[in-house]
Amino acid sequence: MTFTQLVLASHNAGKLKELQAMLGDSVHLRSIGEFSSVEPEETGLSFVENAILKARNASRISGLPALADDSGLAVDFLGGAPGIYSARYADGQGDAANNAKLLDALKDVPEAERGAQFVCVLALVRHAEDPLPILCEGLWHGRILTAASGEHGFGYDPLFWVPERNCSSAELDPIQKNQLSHRARAMAILRQRLSLQ
Ligand SMILES: O=P(O)(O)OP(=O)(O)OP(=O)(O)OC[C@H]1O[C@@H](n2cnc3c(O)ncnc32)[C@H](O)[C@@H]1O
Ligand SMILES: [Mg+2]
């Protein structure tokens with residue numbers, strides 16, 4: 001399978017930047033924002049279901065093959081929450097409110113119990129009714145900090161401690177994050193599946 005352009009089924013500018021950097025110049029990622037400002041309702045109960053739903057919707061709207069990223073943060077102490085609801089954790093009030101709610105939910109929880117993983121599922125469909133979407137998953141293990149730290153990235157990055165680098169993921173520069181992250185791991189699998197090496 002070869003693609004010179006894909007529509008990215010995401011309204012999240014942080015994802016577009018990271019995914020385009022990982023894909024390199026061979027594939028141009030076009031934002032679904034060029035075609036529509038309406039975001040589909042993420043009605044699935046899993047990352048996989050939501051990724052497929054977003055990819056099909058973007059392909060239907062654009063007439064192009066589509067790549068979707070459904071991702072989030074699964075916190076051990078919270079039984080995997082906020083999970084697929086990560087973007088909506090504080091009822092749509094945005095990243096700062098999500099982070100504040102998470103800090104509050106883990107107030108007084110000791111370091112040893114603050115384990116968490118970022119999850120990313122990428123889904124690629126060749127067309128809206130594609131019966132065989134390509135699915136790739138990546139996990140990134142870390143810990144939730146007790147206060148925000150760092151300015152890079154987006155979302156929960158300031159609260160996510162990266163043990164292999166001894167800093168938060170918002171303290172990593174974009175090149176480093178793109179070598180380690182859940183999204184990088186899922187993208188490495190996708191690149192292999194597409195023979196993009
Ligand atoms: O659905 P689209 O339009 O792609 O954009 P979104 O931001 O709503 O994306 P998701 O539904 O996949 O929700 C993912 C949320 O998980 C968080 N997240 C995912 N990847 C992250 C990363 O690399 N760093 C920090 N937070 C991340 C962040 O809060 C995202 O808003
Ligand atoms: Mg979303």
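Both counts, for ligands and for their atoms, begin at 1 and track the order of listing. Excluded from the calculations below are hydrogen atoms, water molecules and symmetry mates; all remaining heavy atoms, backbone and side chain alike, are included.
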S.K.: Considering only heavy atoms, does F118 approach ligand 1 within less than 4.0 Å through its side chain, its backbone, both, or neither?
M.R.: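 Under 4.0 Å from ligand 1, F118 contributes side-chain atoms alone.
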S.K.: At less than 4.0 angstrom from any non-hydrogen atom of D70, what atoms of ligand 1 do you find?
M.R.: 10 (P), 11 (O), 12 (O)
S.K.: Please could you name the atoms of ligand 1 that D69 approaches to less than 4.0 Å, counting only its heavy atoms?
M.R.: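 Numbered from 1, ligand 1 contributes 4 (O), 12 (O).
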S.K.: A side-chain contact here means heavy atoms from C-beta on lying under 4.5 Å apart; do E42 and R88 qualify?
M.R.: yes
S.K.: Looking at G155, which atoms of ligand 1 are within less than 4.0 Å of one of its heavy atoms?
M.R.: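 Here the atoms of ligand 1 in question are 25 (C), 26 (N), 29 (O).
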S.K.: Measure the CG-NE2 distance between D69 and H182 for me, rounded to the nearest 0.5 Å.
M.R.: 7.0 Å
S.K.: Among all protein heavy atoms, pick out the one at the shortest distance from atom 8 (O) of ligand 1; state its residue, atom name and that distance to 0.1 Å.
M.R.: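 Checking every protein heavy atom, the shortest distance to atom 8 (O) of ligand 1 gives A87 CB, 3.6 Å.
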S.K.: Look at ligand 1 and say whether L73 reaches it with a heavy atom at a distance under 4.0 Å.
M.R.: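 No, that is not the case, since the closest heavy atom of the residue is not under 4.0 Å from the ligand.
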S.K.: Would you mind checking which non-hydrogen protein atom is closest to atom 19 (C) of ligand 1, with the distance to 0.1 Å?
M.R.: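 For this ligand atom, the closest protein heavy atom is S71 OG, 3.2 Å.
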S.K.: Of all the non-hydrogen atoms in the protein, which one sits nearest to atom 29 (O) of ligand 1, and at what distance?
M.R.: Y156 CE1, 3.3 Å
S.K.: May I ask you to test the R185-L139 pair for a side-chain heavy-atom distance under 4.5 Å?
M.R.: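 The answer is no, as the side chains (C-beta and beyond) never meet within the 4.5 Å cut-off.
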S.K.: Can you report which non-hydrogen protein atom sits closest to atom 20 (N) of ligand 1, along with the distance?
M.R.: R183 NH2, 2.9 Å
S.K.: Looking at ligand 1, is there an atom of it that comes within less than 4.0 Å of some heavy atom belonging to R88?
M.R.: no
S.K.: From the options K54, H152, E18, K177, select the one whose nearest heavy atom is closest to atom 22 (C) of ligand 1.
M.R.: K177
S.K.: Between D157 and S169, is there a donor-acceptor pair closer than 3.5 Å when you use the side chain of the first and the backbone of the second?
M.R.: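 Not at all, since once roles are kept as given, no pair shorter than 3.5 Å links the two residues.
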S.K.: How long is the straight-line distance from CD1 of I32 back to OG of S10, given to the nearest 0.5 Å?
M.R.: 10.0 Å
S.K.: Taking L106 as the fixed residue, which of D108, L102, D104 is the one that meets the side-chain contact (heavy atoms from CB on, under 4.5 Å) rule?
M.R.: L102
S.K.: Enter the distance from L8:CG to K17:NZ here, rounded to the nearest 0.5 Å.
M.R.: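 Taking CG in L8 and NZ in K17, the distance rounds to 14.5 Å.
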S.K.: Between the candidates E39, H11, E42, which shows the shortest non-hydrogen contact distance to atom 3 (O) of ligand 1?
M.R.: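 Residue with the shortest heavy-atom distance to the ligand atom: H11.
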S.K.: Looking only at protein heavy atoms, which one is nearest to atom 7 (O) of ligand 1, and how far off is it?
M.R.: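 Of every protein heavy atom, N12 ND2, 2.9 Å lies nearest to atom 7 (O) of ligand 1.
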S.K.: Is any side-chain heavy atom of L67 less than 4.5 Å from a side-chain heavy atom of F3?
M.R.: no
S.K.: Is it the case that the side chain of Q20 and the backbone of L16 share a donor-acceptor pair, with hydrogens and angles ignored and the cut-off at 3.5 Å?
M.R.: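 Answer holds: no.
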S.K.: Could you tell me the separation between the CZ atom of F154 and the NZ atom of K15, rounded to the nearest 0.5 Å?
M.R.: 6.5 Å
S.K.: Can you report which non-hydrogen protein atom sits closest to atom 24 (N) of ligand 1, along with the distance?
M.R.: D157 OD1, 2.9 Å
S.K.: Donor-acceptor pair, S59 side chain versus A66 backbone, under 3.5 Å?
M.R.: no
S.K.: Could you tell me whether ligand 1 has any atom less than 4.0 Å away from a heavy atom of G72?
M.R.: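 For ligand 1, residue contact (heavy atoms, under 4.0 Å) with G72 is present.
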S.K.: Can you tell me the protein heavy atom closest to atom 25 (C) of ligand 1 and the distance?
M.R.: F154 O, 2.9 Å
S.K.: For the Mg ion (ligand 2), report each protein N, O or S atom nearer than 2.8 Å, sorted by chain and then by residue number.
M.R.: E42 OE2
S.K.: Is there a side-chain contact between L132 and R126, using heavy atoms and a 4.5 Å cut-off?
M.R.: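 They are in contact (side-chain heavy atoms under 4.5 Å apart), so the answer is yes.
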S.K.: Indicate yes or no: at least one non-hydrogen side-chain atom of T146 is less than 4.5 angstrom from one of R114.
M.R.: yes
S.K.: Just how far is it from atom SG of C167 to atom CG of L172, taken to the nearest 0.5 Å?
M.R.: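 The SG atom of C167 sits 4.0 Å away from the CG atom of L172.
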S.K.: Work out whether the distance between some heavy atom of N98 and some atom of ligand 1 is less than 4.0 Å.
M.R.: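 Distance cut 4.0 Å: N98 fails for ligand 1.
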S.K.: If you measure from atom 16 (O) of ligand 1 to every heavy atom of A170, S86, A58, which option wins on shortest distance?
M.R.: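 The option holding the nearest heavy atom is S86.
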S.K.: For atom 10 (P) of ligand 1, find the nearest protein heavy atom and state the residue, atom name and distance (0.1 Å precision).
M.R.: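 Protein heavy atom at minimum distance: K15 NZ, 3.4 Å.
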S.K.: Just verifying a value: how many Å separate W161 CH2 and S168 OG, rounded to the nearest 0.5 Å?
M.R.: 8.0 Å
